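First the structure, in the form of structure tokens, and then the observations on it.
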Amino acid sequence: MPELPEVETVARELRVLILGKTIQDIEAVWYKSFDNQSSIPISGQVIKKVGRKGKYLSLQLTRSALVIHLRMTGQLLYSTHFDYDNTHIRAKIRFNDTTELLFKDTRKFGRIYHVNDAGDILYKIGMDAIDPTLDVDLFKSLVKKSSVNIKSFLLAQNKIAGVGNIYADESLHRAGIHPASLSNKIPDVKLRNLHTHLLDILHTAIENMGSTISDYRDSYGNVGNNQRFFRVYQRTGEACLNCSMPISKVRIAGRGTHFCVKCQKVYN
DNA sequence: CTAATCACCTGAAGGC
DNA sequence: TGCCTTCAGGTGATTA
């Protein structure tokens, strides 16, 4: 589910909802969902800062940190009452004002890590895709250093963090680059295009509160709006909005990949 | 280093 | 209705 725009939406909401709250305790309803790697007690610690890097959320506490990845179906739902639906709730972060942050995760892939320092988890992640210091030149040099196909490059979180299957396909379509193109064979002009469109797509998706395919919800339980603006993702067989050619779907990097054969040129 | 495949899980959808 | 297969916003380990 959630890629950068969805996680950013949740991060912004959590800053309003839980910043400054004191944690009472954390209950691991499904044992694997909460991975406690620190001996520092959580109880009594205050949420000092809510951050995001790539698809990871980080909650800086007084003395330690919680790092959260929602994977495919994770949701962080803020609750002020106790009569909620417990289905698929895998962990509960309780605050001392009786409110809770519920970790709902149908497929159980998501994780809440408790670590001494958020860097213990985040050190392996590349630069965030909307980090202002990731300018065109740096973007181009990262891509040109890679020999993998561009779709795989965009999905590789250790290079640029936050882009997933939806926004990889959407940005490659806008930039007119075939997803199977080799990263180091794409012309500079096209990479410049890709950088521009990737940023535009991510920022627009944030403005639209993220994309909901099926499971994504924000911390209020609301769906996103950005799925209405997809041009290729999940539009297989439908007309390309640029040229009317039916959208194709193939498997690249082990993922369903949507593109237009006419608008997206292969470089290799 | 890269590429492919499986593993982790549950549920929805489509074919028969 | 039921059974079986395939697929899904992700990533990490393992095997060529």
Side-chain angles (χ1 to χ4, degrees), chain A residues 1-11 29-35 52-57 67-76 85-91 103-113 121-126 129 142-172 179-185 198 201-202 205-206 208-218 222-237 249-258 268:
Chain A
M1 135 193 138
E3 304 181 28
L4 186 153
E6 292 74 37
V7 181
E8 177 65 19
T9 300
V10 172
V29 181
W30 170 247
Y31 75 108
K32 285 185 180 177
S33 297
F34 178 54
D35 183 358
R52 180 194 60 75
K53 187 175 184 190
K55 301 171 193 171
Y56 285 90
L57 264 170
V67 178
I68 304 170
H69 199 304
L70 303 171
R71 292 287 184 98
M72 297 289 266
T73 58
Q75 304 174 8
L76 285 170
D85 178 7
N86 261 292
T87 314
H88 302 140
I89 300 298
R90 310 304 186 193
F103 182 49
K104 178 174 174 172
D105 184 20
T106 303
R107 290 178 70 183
K108 298 178 172 174
F109 290 166
R111 290 289 180 275
I112 298 177
Y113 303 94
I121 301 284
L122 302 178
Y123 73 94
K124 58 188 120 171
I125 306 303
L142 283 173
V143 178
K144 290 165 94 167
K145 263 192 286 182
S146 172
S147 60
V148 301
N149 64 67
I150 189 66
K151 167 96 184 210
S152 297
F153 176 87
L154 289 174
L155 294 179
Q157 302 298 303
N158 58 348
K159 304 212 170 70
I160 293 173
V163 182
N165 210 31
I166 294 176
Y167 302 109
D169 284 4
E170 291 295 322
S171 58
L172 287 170
S181 299
L182 298 181
S183 302
N184 53 12
K185 297 291 176 60
L198 178 60
I201 279 172
L202 293 175
I206 293 169
N208 290 324
M209 310 293 281
S211 304
T212 296
I213 305 304
S214 60
D215 295 279
Y216 171 70
R217 299 291 184 279
D218 70 7
N222 297 322
V223 298
N225 297 309
N226 194 68
Q227 62 281 2
R228 296 183 296 166
F229 305 106
F230 290 166
R231 296 199 188 177
V232 284
Y233 190 80
Q234 283 194 334
R235 293 194 64 247
T236 313
K249 183 179 180 184
V250 295
R251 193 156 285 267
I252 296 177
R255 315 293 302 278
T257 300
H258 314 73
N268 55 24

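Note that the structure is a prediction, hence the values are computed from the model and not measured.
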With no angle test and no hydrogens, is the base of dG9(C) tied to the side chain of Ser214(A) by a donor-acceptor pair under 3.5 Å?
yes
Here the residues of residues 142-150 of chain A within 4.0 Å heavy-atom distance, strictly under, of DNA chain B are Ser147(A), Val148(A)
Pi stacking test for Phe109(A) and dG10(C): under 5.5 Å apart, planes under 30°:
yes
Which part of the nucleic acid does Arg111(A) contact within heavy-atom distance under 4.0 Å: base, sugar-phosphate only, or nothing?
nothing
Would you kindly give the [atom1]-to-[atom2] distance between [X] and [N], to the nearest whole Å?
X	N	atom1	atom2	answer
Ile166(A)	dA8(C)	CD1	P	12 Å
Phe229(A)	dG9(C)	CZ	P	21 Å
Asp105(A)	dG9(C)	CG	C1'	12 Å
His88(A)	dA8(C)	NE2	C1'	15 Å
Ile201(A)	dG9(C)	CD1	P	16 Å

Problem - dA3(B) versus dG9(C) - spacing of their C1' atoms, nearest Å - result: 23 Å
- Item | C1' gap between dG10(C) and dC1(B), integer Å | 22 Å
(message) If the cut-off is 4.0 Å, is Tyr233(A) near the phosphate of dG9(C), judged by side-chain N/O to OP1 or OP2?
(response) yes
Per-nucleotide protein contact along nucleotides 11-16 of chain C, 5' to 3', at a 4.0 Å heavy-atom cut-off (B base, S sugar-phosphate only, - neither), is SS----
Residues pairing under salt bridge (charged side-chain N to carboxylate O under 4.0 Å, His left out) where one sits in residues 148-159 of chain A, two or more places apart or in two chains, turn out to be Lys151(A)-Asp169(A)
Residues passing the ring pair (Phe, Tyr, Trp, His ring centres under 6.0 Å) test with Tyr167(A), sequence neighbours excluded, are none
### Message
Would Lys249(A) and Thr257(A) count as a side chain to side chain contact (heavy atoms under 4.5 Å, CB included) here? Give the steps.
### Response
CA-CA 5 Å; Lys249(A) 183 179 180 184; Thr257(A) 300; over 6 Å; no
The correct list of stems in which DNA chain C takes part (3 or more consecutive Watson-Crick or G-U pairs, distances under 3.5 Å) is B:2-8 with C:10-16, B:10-16 with C:2-8
Chain A reaches DNA chain B, atoms under 4.0 Å from its heavy atoms, from dT2(B) to dG11(B)
**Request:** Please tell me if the side chains of Leu57(A) and Leu76(A) come closer than 4.5 Å, counting only heavy atoms from C-beta onward.
**Result:** yes
With syn defined as a glycosidic angle within 90 degrees of 0 and anti as anything else, the base of dG10(C) is anti
Closest non-hydrogen atoms of Glu3(A) and Val163(A), given as atom of the first, atom of the second and distance, are OE1-C, 4.0 Å
